[in-house]
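These notes are about the structure you will find just below.
The basis for the numbers below is simple: all heavy atoms, side chains too, and nothing from hydrogens, waters or symmetry mates. Numbering of ligands and ligand atoms starts at 1, following listing order.
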Amino acid sequence: MTQDARSSFADPQFQANPHPVYAEWRRTDPVRWVRLPSGLDAWVVTRYEDARRALSDPRLSKSLPVGAPRSSALSADIGGAVSRHMLASDPPDHTRLRRLVSAAFTARRVEALRPRIEEIADGLLDAMSGRDRVDLIDAFAFPLPIQVICELLGIPAADQDSFRAWSTIIVTGSQSGDRLPGAMRAMVAYIRGLIADRRAHPGDDLLTGLIEVRDQQDRLSEDELSSMVFLLLIAGHETTVNLIGNGAFLLLSRRERWDRLRADPALLPGAIEEFLRYDGPVEAATFRVAAEDLEIGGQAIAAGQPVLVLLLSANHDDRFPDADEVLLDRAHNPHLGFGHGIHYCLGAPLARLEAQIAFGKLLGRFPELRLAVPAEDLAWRPGLLLRGLRSLPVVPGSPTA
Ligand code: HEM
């Protein structure tokens, strides 16, 4: 029997704190068939071991259609231009597509971006200084990763605002209602224009490199090229912002955490892993579909049925001691915040570096930073895919020199 979980998913209280509902699901019926906000019925996987196994099970395919109603609202032309990417592919396509860009995202290559990321962070924090109150999402958590991914790809800074609006609508999915197809069309038109422009005027950026792979070596179709840009833009737009936002919230809503990290900055890398576990930006992994009959955690799944792995729930499984506590010095933290298996986040080294720079600088420059409103008044974004605050009003306080 389908459990209609739509009322839970749409409830602001669930959005603010989904943990009790997930805890109940892990305890009572850990692999359950629910009705999602889109109206689609799917299996949700809530426990850690089941989640880990599901994410690395080749029988759970990324390339089969999930039957989500939203895909039908798009023409084949638009659909193809955004869906032929690695996160929607199985091997061997997945292997080929991922290999084309993986060199740009290794820990070593990413480390070379450090000075530029620091410069961007400094500029944003300079602009915050002297202000009585700012939205930390708008002023810092959002523009930092956007600017980085745009520079990496070679996208003009002036265009960033328009695709922020489209991208927010796209990742909110079915809960964006009628606005979704229009946002998709606008995004695809923008990406096609960008590709045409860079074909005419090559630069020294990732986009130019991908166009060469397409045009000179024929290792990429036109749809795969635009889908790759789409995926990198969305992934670079919508995730790290929430790592910075959610992490800042966890630190500022309990002052002793902020003070502890200020006193001992060596805790920072581990603290960031704990933010990823406790309130990671990606609440649910993307859909998978059973390519054949199989079992997850003792539950039979029929071929063709969609499966959604709830990363946030898995990360609060009691395989983590004191799972509902934020332990800045947690010793062993094999969280699933970046996923697992062949689709493990390509941008993880970049996201970690951005977060380290962001928190390092924030703690150093604004020691008195505090929330401008009670923590309970903050609103969380709707949608099951991502977990993040709509805004995070703060009082910066006096900056250090
Ligand atoms: C804190 C920030 C981030 C988090 C929490 C995150 C999380 C994830 C997760 C959970 C997946 C797997 C989804 C699934 O299996 O269904 C994933 C995949 C991916 N991420 Fe990230 N991500 C972050 C930042 C980034 C950044 C900055 C980029 C790069 C621009 C990026 C690029 C990708 C790509 C390309 C994939 C698909 C990999 C594949 O299919 O092989 N991510 N990410």
Side-chain angles (χ1 to χ4, degrees), residues 45 51-52 54-58 60-63 66 83-107 109-110 113 117 141-142 144-153 155 167 171 206-207 210 224 227-248 272-289 306-312 314-315 335-359 384-388:
V45 178
R52 213 175 136 89
L55 291 172
S56 55
D57 189 334
L60 286 175
S61 167
K62 295 287 324 184
S63 64
V66 281
S83 62
R84 306 272 185 270
H85 54 69
M86 69 184 97
L87 190 50
S89 308
D90 295 329
D93 285 337
H94 171 265
T95 324
R96 173 176 54 89
L97 294 169
R98 184 161 171 136
R99 217 173 261 158
L100 287 174
V101 283
S102 55
F105 290 94
T106 59
R109 281 289 284 282
V110 159
L113 303 173
I117 301 175
F142 186 77
L144 175 66
I146 294 296
Q147 219 158 310
V148 172
I149 192 68
C150 285
E151 287 187 15
L152 203 68
L153 276 165
I155 291 183
S167 129
V171 294
L206 192 54
L207 180 56
L210 287 168
E224 286 172 342
S227 299
M228 178 85 86
V229 175
F230 175 78
L231 174 64
L232 293 175
L233 262 179
I234 296 275
H237 254 72
E238 297 291 341
T239 49
T240 315
V241 48
N242 295 324
L243 175 54
I244 299 172
N246 297 357
I272 290 168
E273 298 308 306
E274 184 67 343
F275 303 155
L276 283 158
R277 183 193 71 83
Y278 188 89
D279 256 341
V282 179
E283 182 157 347
T286 51
F287 278 108
R288 277 135 175 97
V289 176
V307 175
L308 199 60
V309 177
L310 293 176
L311 302 176
L312 192 65
N315 283 338
H335 63 77
L336 300 178
F338 286 122
H340 180 64
I342 64 169
H343 296 285
Y344 179 82
C345 179
L346 177 75
L350 177 59
R352 286 185 165 119
L353 179 64
E354 288 173 342
Q356 281 187 28
I357 292 172
F359 284 107
L384 193 56
L385 184 60
L386 296 171
R387 174 152 182 79

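Taking only nitrogen or oxygen atoms, main chain and side chain alike, Glu354 does not reach within less than 3.5 Å of ligand 1. Not a single N or O atom of Tyr344, backbone or side chain, sits closer than 3.5 Å to an N or O atom of ligand 1.
Protein heavy atom closest to atom 27 (C) of ligand 1, with residue, atom name and distance, is Thr240 OG1, 3.8 Å. For atom 30 (C) of ligand 1, the nearest protein heavy atom (residue, atom name, distance) is Ile149 CD1, 3.3 Å. Summary of contacts: the protein heavy atom closest to atom 13 (C) of ligand 1 is Leu87 CD1, 3.9 Å. In terms of protein heavy atoms, atom 40 (O) of ligand 1 is closest to His343 ND1, 2.6 Å. For atom 5 (C) of ligand 1, the nearest non-hydrogen atom of the protein is Gly337 O, 3.5 Å.
Between Leu152, Ile244, Val101, Thr286, it is Thr286 that holds the heavy atom closest to atom 16 (O) of ligand 1. Closest heavy-atom approach to atom 15 (O) of ligand 1 among the candidates Lys62, Met86, Arg288: Arg288.
With waters neither drawn nor counted, the protein N/O/S atoms under 2.8 Å from atom 21 (Fe) of ligand 1 amount to 1.
A pairwise comparison of heavy atoms in Arg109 and Ala104 identifies CB-O, 3.9 Å as the closest pair.
Looking at Leu231 against ligand 1, only its side chain comes within 4.0 Å, counting heavy atoms.
Under a 4.0 Å heavy-atom criterion, His85 is not in contact with ligand 1.
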